[in-house]
K.L.:
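Sending over a structure as structure tokens; questions will come in a sec.
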Amino acid sequence: MIHIFSNMKTKDRWLALLCVLLVCGQVYFDLRLPDYTAEITVLISSEVTELSEYFVAGGYMLGCALCSALLTVVVGYLAAMIAADFSFDVRAKLFNKVTAMGCGEIKQFSTASLITRTTNDITQIQMIIAMGLQMMLRAPIMAVWAIIKIVGKSWQLSAVVAAAVAIVVVSLAVLLAVMIPKFRIVQRQIDDVNRLTDENLNGIRVVRAFNAEKYQEDKFETANDNLMRTQLFTGRGMAFLSPIMMFVQSSVSVGIYYVGAWLINNIEIPLNGTLTEIMVSVSDRSVMLGEVVSFSSYALYVIMSFVMLLMIFMMLPRAQVSARRINEVIDSDISVLEGEETASADSGSIEFQDVSFRYPDASEDCLKHISFTAKKGETIAFIGATGSGKSTLVGLAARLYDVTGGKILLDGKEIQNYTFDTLYQKVGYVPQKAVLFSDTVQGNVSFGDSGRELSEADVEEALDIAQASDFVHKMDNGLDSWISQSGSNVSGGQKQRLSIARALARKPEILILDDTFSALDYKTDRALRQRIAQEYSDTTCLIVAQRIGTIRNADKIIVLDDGAVVGVGTHDELMKNCPVYQEIALSQLSAEELAANA
């Protein structure tokens, strides 16, 4: 857990040190109160005490109480500020780390778990800092200081306190040994609940279409019930400590007064002694009574310190688990690292040299020895059966992953050597699943950094080429119309066209379209491809498609089967010499249609 605090700001460290000093002052004023209580007890026992002496001692007590209260408020304010500032920094660092992750790392942790770590886990850390600076600092300082003040006064009374402390420590140790593993399970079960909730919300249409509400409810009920049972176990376990602490606290008070009464009773008043001896004995009894009263207060402060530690220990195990989970993300290795190249002599060319790729933890390569060259302005199409590796291949060209074998050259230089800014200003990538953000139409199309400021005219042009102008201008506010999260207020085809417009607005050197025409009708598909060919004639296009009609006019078609290239050429060439391509073509069009289209 210490590791997560290593990057705390210098300002927060100084404020934390100030909290330590203020807590010391707070404890000092608290521990002065029993001294004045003992003094007042002695004054009450004396027959010659002036009323003013009571007011003086009481005034000092009131002053100490007010100073302690003021310092408590200041420490609470500083602790809350430090905790909020620290959680802000950790949340930002965690978010930036996740943003820098490749697809492999995100799949390794899972989206649901990353959300939990960014929200719930950081909240646990924030709570432990806020409470820790107030209680975790105060408890040991108060306990040690109180023990120092009572040491040497009476070994009998000290033995009562020592026995109580031993009981508390043993109880805490046993309970925490049982609880800590359960807190680890709690955080994993929260991940499961988040995952199931996310799946159900994203797939709500499928759930309803297949009448699977009861099935989903049962799945969620199981995960929710597991979480409830584990939290009940930890809650009951921690609740068990409260009666123990109350019992110990009450027993200490009774024990101290019992032993104190015995000590006072052992101070004999000589009936036949001189007046001086009698007065000395009475004075000794008064002093002992004052010491018993102050000792009782100090003992309660010691027990109170352990009560405060108990509250921290109820939160600390879960915070430790949360800190470990946050550190796992922060310390994870990033597989896709940024290069240093910012420029290249060539423009718009990409070459695969004997490229192979294997997903993390996979048993075999999903792409095997892929080689091809796409020159500036060429259109290269990829087709093949489902699972043949088409999307993975163009994902490598967009550097969503790094190759495990071979090289990818972009404008004559290895793709890993480019800075991310340079790379993604060259590449316009449209994923297979259209992604839109909670923003206006203009905000979605001009999304990101394209190396230049996109004007409204640039956005309009991109929408026009992407065949999206018609439906955008029918919206109430045109370009300023709001797109809901994940584009839930537009159709699938509209989402796809907006995501294509976003890539086109960048005017990239290389345009990657990963099966982006599948949600479009044939007419829109054809019109869109014609406009791209006209307006982006110098742009290199890599197109993944399922339809023969979408790719038949490409400069080069690469046929994939089980991760390997089984055919390269134009449509006519592949119809003559590639059985896999012939099978795909004939499954979509009849021989007569193919001949007529030719």
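Please read these numbers as outputs of a predicted model, since none were measured by experiment.
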K.L.:
When you compare the side chain of N224 with that of L196, does any pair of heavy atoms fall below 4.5 Å?
P.N.:
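Not in contact.
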K.L.:
Please list, chain by chain and in numerical order, all residues satisfying side-chain hydrogen bond (donor to acceptor under 3.5 Å, both in side chains) with Q216, sequence neighbours excluded.
P.N.:
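Only N200 meet the side-chain hydrogen bond (donor to acceptor under 3.5 Å, both in side chains) criterion with Q216.
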K.L.:
To the nearest 0.5 Å, what is the distance between CG on N489 and CD on Q494?
P.N.:
9.0 Å
K.L.:
For F471, enumerate each residue passing the ring-ring contact (aromatic ring centres under 6.0 Å, His included) test, keeping only those at least two apart in sequence or located in another chain.
P.N.:
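F471: no ring-ring contact (aromatic ring centres under 6.0 Å, His included) contacts found.
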K.L.:
Using a 3.5 Å distance criterion without hydrogens, assess whether the side chain of Q231 forms a donor-acceptor pair with backbone atoms of R229.
P.N.:
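Absent.
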K.L.:
Please identify each residue that fulfils salt bridge (charged side-chain N to carboxylate O under 4.0 Å, His left out) with D198, with sequence neighbours left out.
P.N.:
none
K.L.:
Give a yes or no on whether a salt bridge exists between D89 and K93, defined as a side-chain N under 4.0 angstrom from a carboxylate O.
P.N.:
no
K.L.:
Does D218 come within less than 4.0 Å of K214, counting only side-chain N to carboxylate O?
P.N.:
yes
K.L.:
The criterion is side-chain hydrogen bond (donor to acceptor under 3.5 Å, both in side chains); which residues satisfy it with Y536, sequence neighbours excluded?
P.N.:
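Counting only residues at least two positions away or on another chain, Y536 forms no side-chain hydrogen bond (donor to acceptor under 3.5 Å, both in side chains).
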K.L.:
Quick test of your reading: applying salt bridge (Lys or Arg N to Asp or Glu O under 4.0 Å), list the pairs with at least one residue in residues 384-406, sequence neighbours left out, ordered by first then second residue.
P.N.:
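Of all non-adjacent pairs touching residues 384-406, those that pass salt bridge (Lys or Arg N to Asp or Glu O under 4.0 Å) are R399-D402.
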K.L.:
For the OG atom of S499 and the OH atom of Y429, what is their distance to the nearest 0.5 Å?
P.N.:
10.5 Å
K.L.:
Could you pull out all residues at least two apart from F88 that satisfy side-chain contact (heavy atoms from CB on, under 4.5 Å)?
P.N.:
none
K.L.:
Give a yes or no on whether a salt bridge exists between R195 and E199, defined as a side-chain N under 4.0 angstrom from a carboxylate O.
P.N.:
yes
K.L.:
Can you list the residues that meet the salt bridge (charged side-chain N to carboxylate O under 4.0 Å, His left out) rule with D365, with sequence neighbours excluded?
P.N.:
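With neighbours one apart ignored, the set is R358.
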K.L.:
Show the numbers, then the answer: is there a ring-ring contact (aromatic ring centres under 6.0 Å, His included) between Y401 and Y359?
P.N.:
CA-CA 9 Å; Y401 298 91; Y359 283 105; 5.2 Å; yes
K.L.:
Quick check: does any side chain N or O of S388 sit under 3.5 Å from a backbone N or O of A385, one acting as donor and the other as acceptor?
P.N.:
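Yes; judged by distance alone, with no hydrogens or angles, the pair exists.
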K.L.:
Under the salt bridge (charged side-chain N to carboxylate O under 4.0 Å, His left out) test, which residues partner R138, sequence neighbours left out?
P.N.:
D30
K.L.:
Applying side-chain hydrogen bond (donor to acceptor under 3.5 Å, both in side chains), can you list everything that pairs with E338, at least two apart in sequence or on another chain?
P.N.:
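Result, side-chain hydrogen bond (donor to acceptor under 3.5 Å, both in side chains) vs E338: none returned.
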K.L.:
By the salt bridge (Lys or Arg N to Asp or Glu O under 4.0 Å) test, which pairs, at least two apart or in different chains, include something from residues 16-26?
P.N.:
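Qualifying pairs, neighbours excluded: none.
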K.L.:
So, using salt bridge (charged side-chain N to carboxylate O under 4.0 Å, His left out) as the criterion, who are the partners of E456 when residues are at least two apart?
P.N.:
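In terms of salt bridge (charged side-chain N to carboxylate O under 4.0 Å, His left out), with neighbours along the sequence ignored, E456 is linked to no residue.
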K.L.:
Please enumerate all residues that pass side-chain hydrogen bond (donor to acceptor under 3.5 Å, both in side chains) together with T222, with sequence neighbours excluded.
P.N.:
none
